[in-house]
Amino acid sequence: MCGRYVMALRAGDLIDALEACGIDDVALAGPATGVDASPAGPEQSWRVSWNVAPTSTVPILVERYEEGADEAGTHAGRQREIHPARWGLLPRWAETAAFSSKTFNARSETVVSKPSFRSAVRRRRCVVPVQGYYEWKVSQEPQTGKTVRVPHLVRDRERPLILFAGLYEWWKDPEREAQGRDAWVLSTTILTGPSPDVGEDGAGPAHGDRPVLTELAQLHDRLPLAMSADEAADWIAPGERSREDTEADVERLRLGAVEVARGWTLHEVDRAVGNVRNDSPELIRPPDVMF
DNA sequence: CCAGACGTTGTT
DNA sequence: GTCTGG
DNA sequence: CCAGACGTTGTT
DNA sequence: GTCTGG
């Protein structure tokens, strides 16, 4: 799954990194119109961070068509934009922003039917770009039987970013509305799936898998769903999909995510990452003392 | 019918 | 908004 | 996701 | 044990 990650790039560098990953034509959010990308709150942006936690503001990549553009065939009116969004999806009917602490991940197996996600998954898909994500490996101390959680960083071996499959939603904050402020909040979530099946003891490649899939499976039983640039372009293409098409899209996503994960690498990091108040480049390095 | 939840992960 | 539980 | 709090009254 | 804050 994914409940903590790294996004220490400012807008300009993020756009460059996306381009290096094969995602072109990205702009910062401009004045927006229309149902699916309405009032872009210009006030808030994301904070550079090596320790991004749920409910904080993160950059997401969305795509929409300019008003009046030809939606069939041509890319003329296509707008790919980076918007700041609250991490944790807020359905239209959420009563408070606190709801988002429960929806920072969406299970791909049920996302099409769950009330919180089913609307967004059919027509509000996005990319959540990360430089790497943290996962706490749970194990038992053989002596005491105590449970220990050791944080690891997962990143791509070749590319500067991992492109997570996400959803977004606009939510009108009653509190802000009462204060007469801009009340629209953009929110987002990251899809998850089962970790790759690499066999019982995880010792060897069960069916030709490279070791990293085995490592990932041992790290955790869930995997955040990542995409290649091509898959990402398809995923965020605007327009409403039928429920059946959506099911197929998500299934395809789950299969592709395992292939993308073959390109990852992971290593242990310092326990300091557990406390969200710690935020520095040191967090992504292996621990100082490793024996 | 109304009331209440709407989520994920991990742990037991 | 819409489904589930009672 | 993990870490840390988990409470009230009254005073400054 | 469970919720809140970050």
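Per chain, numbering begins at 1; letters A, B, ... match sequence-line order.
- Stacking annotation: Trp93(A) is stacked on the base of dC6(B) (ring centroids less than 5.5 angstrom apart, interplanar angle below 30 degrees).
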Worksheet item: How does DNA chain E read in dot-bracket, base by base from 5' to 3', with Watson-Crick or G-U pairs under 3.5 Å and | used when the partner is on another strand?
Response: ||||||
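- Backbone-only contact: Val138(A) has heavy atoms under 4.0 Å from sugar-phosphate atoms and none from a base.
- Looking at the side chain of Trp136(A), the nearest of the listed nucleotides dT11(B), dC2(D), dC6(B) is dC2(D).
- Taking atom C1' on both nucleotides, dT2(E) is separated from dG7(B) by 16 Å, rounded to a whole Å.
- Here Thr110(A) reaches the OP1 or OP2 of dT8(B): one of its side-chain N or O atoms lies under 4.0 Å away.
- A donor-acceptor contact shorter than 3.5 Å links the side chain of Ser195(A) to the backbone of Arg222(A).
- For Pro115(A), taking side-chain heavy atoms from C-beta onward, the closest of the listed nucleotides dT8(B), dC1(D), dC6(B) is dC6(B).
- For Arg277(A), the listed nucleotide lying nearest its side chain is dG4(D); candidates were dG4(D), dC2(D), dG7(B).
- Donor-acceptor pairing under 3.5 Å is recorded for the side chains of Ser119(A) and Arg124(A).
- Between Phe164(A) atom CZ and dT8(B) atom C1' there is a gap of 15 Å when expressed in whole angstrom units.
- Using a 4.0 Å heavy-atom distance criterion, Ser119(A) is classed as making no nucleic acid contact.
- Close to dG4(D), at under 4.0 Å from its OP1 or OP2, lies a side-chain N or O of Asn275(A).
- In this structure, the OH atom of Tyr134(A) is 20 Å from the P atom of dT9(B), given to the nearest Å.
- Residue Phe104(A) contributes atom CZ, which lies 9 Å from atom C1' of dG7(B) at whole-angstrom precision.
- Checked by atom type and distance alone, the side chain of Asn51(A) pairs as donor or acceptor with a backbone atom of Val273(A) at under 3.5 Å.
- Residue contacts shown for Ser56(A) are absent, as no nucleic acid heavy atom lies under 4.0 Å away.
- Close placement of the Trp87(A) and Tyr5(A) rings is indicated, their centers lying within 6.0 Å of each other.
- Between the NZ atom of Lys137(A) and the P atom of dT11(B) there is a distance of 14 Å, given to the nearest Å.
- Residue Thr103(A) has no polar side-chain atom (N or O) positioned under 4.0 Å from OP1 or OP2 of dC6(B).
- Phosphate contact (OP1/OP2 of dG1(C), side-chain N/O of Arg92(A), threshold under 4.0 Å): absent.
- For dT9(B), one of the phosphate oxygens OP1 or OP2 lies less than 4.0 angstrom from a side-chain nitrogen or oxygen of Arg107(A).
- For the pair Arg122(A) (side chain) and Arg118(A) (backbone), a donor-acceptor distance under 3.5 Å is absent.
- Centroid-to-centroid, the aromatic rings of Phe164(A) and Trp235(A) stay 6.0 Å apart or farther.
- Look at Arg149(A) and you won't find any side-chain N or O under 4.0 angstrom from OP1 or OP2 of dT9(B).
- Asp279(A) contributes no side-chain N or O that, together with a main-chain N or O of Ser49(A), makes up a donor-acceptor pair within less than 3.5 Å.
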